[in-house]
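Read the structure below first, then the notes.
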Amino acid sequence: MAASLQLLQFKPLKPSFSFFSRRSASPICSAAPTPSKSQRSYTITLLPGDGIGPEVISVAKDVLLLAGHLEGIKYEFRERLIGGAALDATGVPLPDETLSAAKQSDAVLLGAVGGYKWDNNDKHLKPETALLLLRQELKVFANLRPASVFPQLVDASTLKRAVAEGVDLMVVRELTGGIYFGKPRGFGTNEDGEEFGFNTEIYAEHEIDRIAHAAFKIARKRRGKLCSVDKANVLEASILWRRRVSAIAQEYPDVELSHMYVDNAAMQLIRNPKQFDTIVTNNIFGDILSDEASMITGSIGMLPSASLGASGPGLFEPIHGSAPDIAGQDKANPFATVLSAAMLLRYGLDEEKAAQRIENAVLETLNKGFRTGDIYSTGTNLVGCKQLGEEIMKSVESNVPSGATV
C-alpha cells in the first residue's frame, strides 16, 4: 500500500512504448511488491474536484476498470470531495473524511481543483489549499512530470517541427519544501506604514538529498543525463542545493550531471528542448518549468503527473487546471488524466502490463485521428470528452501490451 521511492531497484522488462521513459518500460518508483494473482485488489481514492475534473475522472475510471479487468486486477473505488466542491458541501477544501480515505488507499487519482467562484476566498478557504495540504499530509515529495511530444501531435506544438520533434524529457520537482512552505511567512508593515508580504525559500539537506537520489535513479533509467536547475548565483538555498546535488552525484558515476541557472533553463527549454533528458529542481522553479515544458507538446491537456513519497499512497493527476470556462460542455481533453491513471498503475501499484495497455491505447486512439478541440487539426476527427473516452476504451480492449499473451 505504498508508492515508494525506496523501491527503485527492479528487474528490467522488455522495452516497449512508455510515455515516461523511452529507454525502459520498467517502473522507476513503484508500490510494495505486486500481490499474487489472487490478491491483486486495490483501493483507489478518486477526487474529481472542480470544473472539468469530474468529466476527466469519469473517463479515467472507466479505462482503469477495463484495463484492470483485462489484466486480472480488481479495484475498490472511493470517491470523495475536494477543493471548491468540498467547500460548498462542508465549508472546508479538504474534509477529514477525504484525507482519511486518501491515506488509507493504495493510490489517489485527482481531477482538478479551483474556479472563479472561489477566487476571492481567504487563502485557507481556497480550493488550491486542499491540494497543498493533501501533498503535505501524504508526504509526497517527488513530483514527476513527463513532457514528450507524441509523433501524431508534433504540429500542434507552437515550436517549429525541427525543435519539437523528438522531445522527451522528465521534470522531477521537489514538492513539499521551498518557498511554498517555508517559514517565516506572512504580512507586515514597514517604517513608512506600507504593508508588505514575505515568504522564505528554505531547504534542509535531507530534503535536497532525497529528491536528488530520486532524480538520479530516474535519469539512470532514461538516457543517463541529469540537469539540476537552481539560482546558485543569487540564492543561499540554491548554493546548498547545488552543493548537495554535486556531492550525491558521486554515488551515480553512470549519470552525467550538469547544472543550469533557472533563467537560462527557461530559455533553453524553448531554444533547444532536446538537450534535456531529466531535470531536477526545487518547488517553485519546478512548478514554472514543468508548465513551460508542457506547452512544447502542443497542449497541457496531454500531460500527466505522479507525486511520490518514501511510503504511503502516491498522488496522480493531470497537470492542467479545472478549466471552468469549458466545464460541463463535453469539451475537456481526458488524455492527461488517462495517462495519469497509467502512471498510477506503473508507479503506484507496480502493474506494468496494465499501464502499457493504457498508454498504447492512447497512441492507437491518436493514430485513428480522434481529437478534442485543444489538439484538433484539419483532417482529424473532432470529438468531445465522452466520445474520446469511448474510443480509448475500444483501443484498450483491442490492445495487447508488449510481451503479453492472450
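Computed from a prediction, not measured in an experiment: that's the story for all the values here. Values below: all heavy atoms of this structure, side chains included; hydrogens, waters and symmetry mates excluded.
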Can you name the nearest heavy-atom pair linking [X] to [Y], along with the distance?
X      : Y      : value
Pro318 : Leu110 : CD-O, 3.2 Å
Pro324 : Gly115 : CG-CA, 4.3 Å
Thr176 : Arg210 : OG1-NH2, 3.3 Å
Gly83  : Ala130 : N-CB, 4.0 Å
Ile52  : Ala327 : CG2-CA, 3.8 Å
Gly177 : Asn283 : O-ND2, 3.0 Å

Check this for me: [X], atom [atom1], are more than 12 non-hydrogen atoms of other residues, nucleotides or ligands nearer than 6.0 Å?
X      : atom1 : result
Lys61  : NZ    : no
Asp155 : CG    : yes
Lys74  : NZ    : no
Phe196 : CZ    : yes
Gln329 : CD    : yes

Do [X] and [Y] have side chains that get closer than 4.5 Å, going by heavy atoms?
X      : Y      : result
His259 : Leu257 : yes
Phe77  : Leu109 : no
Leu308 : Tyr347 : yes
Val167 : Leu169 : yes
Val280 : Leu226 : yes
Ser398 : Glu364 : yes
Tyr261 : Val229 : no
Thr337 : Leu339 : no

Would you please say whether a donor-acceptor pair under 3.5 Å links the side chains of [X] and [Y]?
X      : Y      : value
Asp50  : Trp118 : no
Tyr180 : Asn199 : no
His320 : Ser299 : no
Asn381 : Tyr376 : no
Gln356 : Asn360 : no
Ser395 : Glu391 : no

Please confirm whether Arg173 makes a cation-pi placement over Phe285, using NZ or CZ under 6.0 Å from the six-membered ring centre and within 45° of the ring normal.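 No.
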
Rounded to the nearest 0.5 Å, what separation is found between the [atom1] atom of [X] and the [atom2] atom of [Y]?
X      : Y      : atom1 : atom2 : result
Asp209 : Glu251 : CG    : CD    : 8.5 Å
Lys117 : Asn121 : NZ    : CG    : 9.5 Å
Leu363 : Ile358 : CG    : CD1   : 13.0 Å
Asp291 : Ile288 : CG    : CD1   : 8.5 Å
Tyr42  : Leu64  : OH    : CG    : 12.0 Å
Leu175 : Lys139 : CG    : NZ    : 13.5 Å

Quick one: do [X] and [Y] make a salt bridge, cutoff under 4.0 Å?
X      : Y      : value
Glu397 : Lys394 : no
Glu351 : Lys353 : no
Asp168 : Lys274 : no
Lys160 : Glu165 : no
Asp277 : Arg222 : yes

Could you walk me through whether Arg357 and Glu359 pass the salt bridge (Lys or Arg N to Asp or Glu O under 4.0 Å) test, one step at a time? CA-CA 6 Å; Arg357 182 180 284 275; Glu359 291 168 356; over 6 Å; no

I'd like to know if the side chain of [X] and the backbone of [Y] have a donor-acceptor N/O pair within less than 3.5 Å.
X      : Y      : value
Asn190 : Asp192 : yes
Thr98  : Leu81  : yes
Lys225 : Gln275 : yes
Glu201 : Ile179 : yes
Ser238 : Asp230 : no
Ser340 : Glu317 : yes
Arg223 : Phe276 : yes
Glu97  : Leu99  : no
Thr129 : Lys123 : yes
Thr200 : Pro184 : yes

Mutual orientation of the aromatic rings belonging to Phe216 and Tyr252 [parallel < 30°, tilted 30-60°, perpendicular > 60°]: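 Because their plane-to-plane angle is under 30°, the rings of Phe216 and Tyr252 count as parallel.
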
Applying side chain to side chain contact (heavy atoms under 4.5 Å, CB included), run through Glu174 and Thr281 and close with a yes or a no. CA-CA 6 Å; Glu174 199 290 320; Thr281 190; over 6 Å; no

Going through the distances and angles, do Asp119 and Lys126 end up as a salt bridge (Lys or Arg N to Asp or Glu O under 4.0 Å)? CA-CA 7 Å; Asp119 278 352; Lys126 286 184 178 292; 5.4 Å; no

Should Ile44 and Glu76 be marked as a side chain to side chain contact (heavy atoms under 4.5 Å, CB included) after you check the CA-CA gap, both sets of side-chain angles, and the distance that decides it? CA-CA 6 Å; Ile44 310 296; Glu76 177 188 345; over 6 Å; no

Trace of the side chain to side chain contact (heavy atoms under 4.5 Å, CB included) decision for Phe316 with Val108: CA-CA 6 Å; Phe316 304 86; Val108 180; 5.8 Å; no

Could you walk me through whether Lys331 and Asp374 pass salt bridge (Lys or Arg N to Asp or Glu O under 4.0 Å), step by step? CA-CA 9 Å; Lys331 295 181 178 179; Asp374 58 312; over 6 Å; no

For Phe335 and Thr365: C-alpha separation, side-chain torsions, deciding distance, then whether side chain to side chain contact (heavy atoms under 4.5 Å, CB included) applies. CA-CA 10 Å; Phe335 274 133; Thr365 304; 4.0 Å; yes

Taking side chain to side chain contact (heavy atoms under 4.5 Å, CB included) as the criterion, tell me which of Cys227, Ser290, Ser305, Ser294 meets it with Val171.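 The option that passes is Ser290.
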
